[in-house]
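For reference, the structure is listed below as structure tokens.
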Protein chains: 2
Amino acid sequence: MDDVFKALADASRRSLLDRLHAKNGQTLNELCEGLAMTRQAVTKHLVILEEANLVTTYRHGREKLHYLNPVPIHQIGERWIKKFERGKLTALSELKRQLEKRDE
Amino acid sequence: MDDVFKALADASRRSLLDRLHAKNGQTLNELCEGLAMTRQAVTKHLVILEEANLVTTYRHGREKLHYLNPVPIHQIGERWIKKFERGKLTALSELKRQLEKRDE
DNA sequence: TTGACAGGCAACCATTTGGTTGCCTATTAT
DNA sequence: ATAATAGGCAACCAAATGGTTGCCTGTCAA
């Protein structure tokens, strides 16, 4: 879980996921196109995404295809974000209540 | 948005949010209890959470109360995670299809 | 009014991170 | 066979990160 949060913390990596979301199964060079970064930098990001299990790769000849795995993102949503959904309103109204009694 | 992802990337900070979720409106010292970290380290984490707007503070005398603001977390869920929900099944079946034709 | 308590500020430190360059290997196309 | 293409590996670098210690300020209670 920590790996996933860490992987998602970087904007370049999130944009790589976006690119794969737009078009799945891209090669490394395809993913590099138009990016202000060397191929090696992109490789490093992709390794981090792989280790977080957010991207799965598949070697085809001399090409390496990258596939998005949305499961960990879904799990973050289910296991983590949903926990804070409940009680959102109560938390806010509690805060409001506290702020309003500030000058007592 | 980047601030929020960055803030959530650290396990200590996520556990601080958990603590506030369990009991809202805690003081700094309260939040330090039982943590293997100095008060100053916790302060730094709380500053990052404040800057990401995940925590709101309110000074009461010599105490500083910390309140959880779940809105940014909710936004991550709505604006980011949901984007990858759609197409989850299609992405997986696409991957499966590709993997299966590997030995053609 | 004076000591204890809650918290803030700043300097410093080691490690991690995000990036680079240079070179090497494997596969494909001519 | 050979050149071009796709990617991998390793060393190196600057800046950011997560933590520490030491000391200072403001508020409350005896």
Side-chain angles (χ1 to χ4, degrees), chain A residues 1-20 23-52 54-68 98 101-104, chain B residues 1-20 23-52 54-68 98 101-104:
Chain A
M1 200 86 158
D2 195 58
D3 288 347
V4 181
F5 275 110
K6 285 256 166 63
L8 294 180
D10 186 88
S12 305
R13 286 193 288 270
R14 289 199 303 277
S15 103
L16 285 169
L17 292 179
D18 277 340
R19 279 164 157 250
L20 287 178
K23 186 189 172 197
N24 213 9
Q26 295 185 66
T27 66
L28 172 57
N29 274 314
E30 234 174 323
L31 287 169
C32 287
E33 273 166 31
L35 257 49
M37 225 187 301
T38 57
R39 177 174 51 85
Q40 287 79 356
V42 176
T43 301
K44 286 193 182 184
H45 284 305
L46 288 171
V47 166
I48 290 169
L49 290 171
E50 278 182 68
E51 281 170 355
L54 284 158
V55 163
T56 308
T57 60
Y58 154 45
R59 209 61 198 271
H60 183 73
R62 65 178 162 179
E63 295 186 325
K64 190 176 188 181
L65 287 327
H66 296 79
Y67 289 89
L68 176 65
Q98 292 285 343
K101 77 168 187 188
R102 110 165 63 186
D103 297 317
E104 279 174 18
Chain B
M1 201 85 158
D2 195 56
D3 288 348
V4 181
F5 274 111
K6 285 257 167 64
L8 294 180
D10 186 89
S12 305
R13 284 193 289 270
R14 290 199 303 277
S15 102
L16 284 170
L17 292 178
D18 276 340
R19 280 166 156 248
L20 287 178
K23 185 189 172 196
N24 212 8
Q26 295 185 65
T27 66
L28 173 56
N29 273 313
E30 235 175 322
L31 286 168
C32 287
E33 273 165 31
L35 257 49
M37 225 186 301
T38 58
R39 178 174 51 85
Q40 286 80 354
V42 176
T43 300
K44 285 193 181 182
H45 284 306
L46 288 171
V47 166
I48 290 169
L49 291 170
E50 278 183 67
E51 281 170 356
L54 284 158
V55 163
T56 308
T57 61
Y58 156 45
R59 210 63 201 271
H60 182 75
R62 64 179 164 179
E63 295 186 324
K64 189 176 190 182
L65 287 328
H66 296 80
Y67 290 89
L68 175 66
Q98 292 284 345
K101 77 168 186 188
R102 110 164 63 189
D103 297 318
E104 276 174 21

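Lettering follows sequence order; numbering is per chain, from 1.
A donor and an acceptor atom never sit less than 3.5 Å apart when one is taken from the side chain of Gln40(A) and the other from the base of dG18(C).
When each of dG7(D), dT17(C), dT20(C) is scored by its nearest atom to the side-chain atoms of Ala41(A), the top-ranked nucleotide is dT20(C). In this structure, of dG7(C), dG18(C), dG19(D), it is dG18(C) that holds the atom nearest to the side chain of Asp10(A). Residue Arg62(A) places its side chain closer to dA29(C) than to any other of dG8(C), dG19(C), dA29(C).
In this structure, Lys64(B) reaches the dG8(C) phosphate: one of its side-chain N or O atoms is under 4.0 Å from OP1 or OP2. The side chain of Thr38(B) contributes an N or O atom lying less than 4.0 Å from OP1 or OP2 of dT20(D). Put simply, His60(A) has no side-chain N or O that comes within less than 4.0 Å of OP1 or OP2 on dT27(C). Residue Asn29(A) has no polar side-chain atom (N or O) positioned under 4.0 Å from OP1 or OP2 of dT5(D). Remark: Arg39(A) is not in phosphate contact with dG8(D), judged by side-chain N or O atoms under 4.0 Å from OP1 or OP2.
Sequence order on DNA chain C of the closest nucleotides to Ile48(A) and Glu63(A) puts Ile48(A) first from the 5' end. Mapping Lys44(A) and Arg59(A) onto DNA chain D by nearest heavy atom places Arg59(A) closer to the 5' end of the strand.
Closest approach of His66(B) to Asn24(B), counting heavy atoms only: O-OD1, 3.8 Å.
Using modelled atom types, one side-chain atom of Arg19(B) and one backbone atom of Leu31(B) make a donor-acceptor pair closer than 3.5 Å.
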